[in-house]
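We name chains A, B, ... by the order of the sequence lines, and we start the count at 1 in each one. The shown structure was predicted, so the numbers you read here are calculated from the model rather than taken from an experiment.
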Protein chains: 2
Amino acid sequence: MSQASHTSVLDDLGRRIAGGELPPGTVLTLAGLEQEYGVSRTVIRESVRVLESKTMVASKRRVGVTVTPMHRWHVLDPVLIRWRLESPARAQQLVALTELRLAVEPAAARLTAIRASEDARAEIGRLAAVLKELGDSGRGDTEEYLAADIAFHNCLLEACGNLMLSAIKEPIAQVIGGRHRAGLTPAEPVHASLHNHVEAAAAIVRGDADGAESYVRAYVESILGEVRTIG
Amino acid sequence: MSQASHTSVLDDLGRRIAGGELPPGTVLTLAGLEQEYGVSRTVIRESVRVLESKTMVASKRRVGVTVTPMHRWHVLDPVLIRWRLESPARAQQLVALTELRLAVEPAAARLTAIRASEDARAEIGRLAAVLKELGDSGRGDTEEYLAADIAFHNCLLEACGNLMLSAIKEPIAQVIGGRHRAGLTPAEPVHASLHNHVEAAAAIVRGDADGAESYVRAYVESILGEVRTIG
DNA sequence: CTGCCACAAACATCACACCTTTAGCAACAA
DNA sequence: TTGTTGCTAAAGGTGTGATGTTTGTGGCAG
């Protein structure tokens with residue numbers, strides 16, 4: 001149990017701040033945290049430094065470590081996104097994240113339709129076929145479907161050739177997985193959703209940028225509608 | 001000169017990795033870095049931890065600190081974006097970042113047109129007027145124009161009500177500022193660009209989501225064309 | 001009331017000691 | 001030859017005490 005210290009302290013502190021338990025303005029001290037977590041200064045300092053690098057806290061001499069207002073945070077940090085998704089703010093975070101998807105995924109789909117390698121196109125086509133096969137046969141709630149769904153979105157984002165657009169892969173996979181684990185995925189996927197996946201894949205395969213963009217947009221818009229009613 | 005240590009070591013290491021001087025696979029050791037920078041283990045460790053939190057490096061016992069392949073990095077981190085913009089990879093980074101803008105800014109403009117407060121709308125309208133005024137009178141290359149241009153984009157992104165979309169404010173401001181400092185901004189702004197700013201602002205003011213989205217898209221597309229020819 | 005100064009709080013850095021994991025190698029057995 | 005076991009040293013992980021440095025804050029003098 002050696003490496004665990006830093007990671008677990010960082011994770012716990014991060015969650016508490018991201019989840020609002022330690023609201024902006026809260027002042028902590030290294031000594032206090034040292035006591036609270038029962039670990040050495042080293043571990044606390046490194047954790048605080050990482051939070052500082054995400055601008056979630058700011059440390060000043062003679063004052064201590066202050067929690068920063070959220071609008072200053074590096075909210076695109078995948079770790080922070082995960083903390084927020086697993087916090088009481090989950091619903092809000094889902095809406096915000098889906099709005100981000102609505103911006104990024106259609107744009108990525110367009111680029112993918114234009115630039116993707118033949119291999120990537122083929123893989124996307126294959127995954128869409130798998131989704132259709134499983135969905136049509138009432139297996140939309142299986143692990144297999146989940147895996148294919150995540151792989152589909154990962155592939156689409158990865159093949160766009162822009163690392164900054166691909167960067168939202170991880171949070172998206174989390175959202176899809178979370179939805180599945182919450183038992184929200186129906187055995188018979190909504191027809192429109194499956195249709196949009198299949199058509200988007202077809203558009204990408206044939207290099208149709210406009211089609212790829214609009215089918216993906218339609219898909220994410222439907223998710224957004226769904227997510228907004230939950231929040 | 002106390003606080004400088006951590007920051008400067010982190011910054012230097014980050015730049016060297018982001019700029020490709022230390023390519024993926026490179027293995028460093030804490031002891032080596034300690035020697036190289038002439039600082040204590042504490043400072044090196046904290047810097048490495050921060051880089052690790054951006055997944056730019058991974059540290060393993062008995063091995064050392066290994067530079068991670070770029071596709072694993074948290075490329076949306078504002079600090080990492082800055083490092084890349086100030087590295088030999090600047091041109092690539094500009095293209096990637098502009099493609100990201102092309103995804104995010106139109107989406108943000110749409111949301112802003114729908115949700116922004118009256119104050120924010122008024123401010124955006126005002127800034128567009130300032131830009132037009134300065135541009136029409138041949139002062140497109142002044143500090144004043146630069147400030148208004150940055151403020152315009154900041155405002156637009158801030159008013160959209162989604163922190164994740166607002167998060168690209170900082171890098172965008174850097175790009176606009178960089179372009180200005182490089183002497184690339186003409187005294188007489190390209191007519192189409194100014195027009196798109198003004199029309200986007202007008203659309204936002206009147207709550208026209210489609211208009212706001214498409215004018216902003218047109219603007220960013222023109223930037224993208226320009227940026228791609230430079231790369 | 002204002003401005004200057006000294007004090008102490010809290011972070012920043014350093015140096016050192018010791019723990020824990022593990023790559024790499026060697027000895028050994030099948 | 002090949003696979004397994006076990007040792008060892010390398011490198012990061014953690015803990016601790018000491019000292020430097022900045023900077024709120026309160027007190028004192030004008």
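- Side-chain atoms of B:Asp141 do not come within 3.5 Å of backbone N or O of B:Pro186 as any donor-acceptor pair.
- In this structure, B:Leu28 places its CG atom 13 Å from C1' of D:dG12, rounding to the nearest Å.
- For residues 34-57 of chain B, proximity to DNA chain D is found at B:Arg41, B:Arg45, B:Arg49, defined as any non-hydrogen atom under 4.0 angstrom from a strand atom.
- Pairs engaging residues 85-108 of chain A under the salt bridge (Lys or Arg N to Asp or Glu O under 4.0 Å) rule: A:Arg15-A:Glu86, A:Glu99-A:Arg228, A:Glu99-B:Arg115, A:Arg101-A:Glu105 [sequence neighbours left out].
- Between B:Val104 and the options B:Asn162, B:Val220, B:Ile168, a side chain to side chain contact (heavy atoms under 4.5 Å, CB included) holds for only B:Ile168.
- Across the interface with DNA chain C, nearest-nucleotide mapping of A:Ala31 and B:Val63 shows A:Ala31 to be the residue nearer the 5′ end.
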**OP:** Verify side chain to side chain contact (heavy atoms under 4.5 Å, CB included) between A:Met56 and A:Trp73, making sure each step is shown before the conclusion.
**Re:** CA-CA 5 Å; A:Met56 294 173 71; A:Trp73 299 355; 4.0 Å; yes

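- For B:Ser5, the side-chain atoms get nearest to C:dT13 when compared with the rest of C:dT13, D:dG12, D:dT14.
- Minimum heavy-atom separation, A:Ala108 to A:Leu165: CA-CD1, 4.3 Å.
- Every ring-ring contact (aromatic ring centres under 6.0 Å, His included) that B:Phe152 has, sequence neighbours left out, goes to B:His197.
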Hey, can you pull the donor-acceptor pairs under 3.5 Å for the side chains in residues 17-32 of chain B, sequence neighbours left out?
unit_1, atom_1, unit_2, atom_2, d
B:Glu21, OE2, B:Arg16, NE, 3.2
B:Thr26, OG1, B:Pro23, O, 2.5
B:Thr29, OG1, B:Gly32, N, 2.9

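- Within residues 7-16 of chain A, no residue has a heavy atom under 4.0 Å from DNA chain D.
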Could you list the donor-acceptor pairs under 3.5 angstrom formed between side-chain atoms of residues 173-184 of chain B and any protein atom two or more places apart in sequence or on another chain?
unit_1, atom_1, unit_2, atom_2, d
B:Arg179, NH1, B:Glu226, OE2, 2.2
B:His180, ND1, B:Thr185, OG1, 3.4
B:His180, NE2, B:Glu143, OE2, 3.4

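- The distance from atom CZ of B:Arg62 to atom C1' of C:dT22 is 7 Å, rounded to the nearest whole Å.
- A straight line from NZ of B:Lys60 to P of C:dT22 spans 8 Å, rounded to a whole angstrom.
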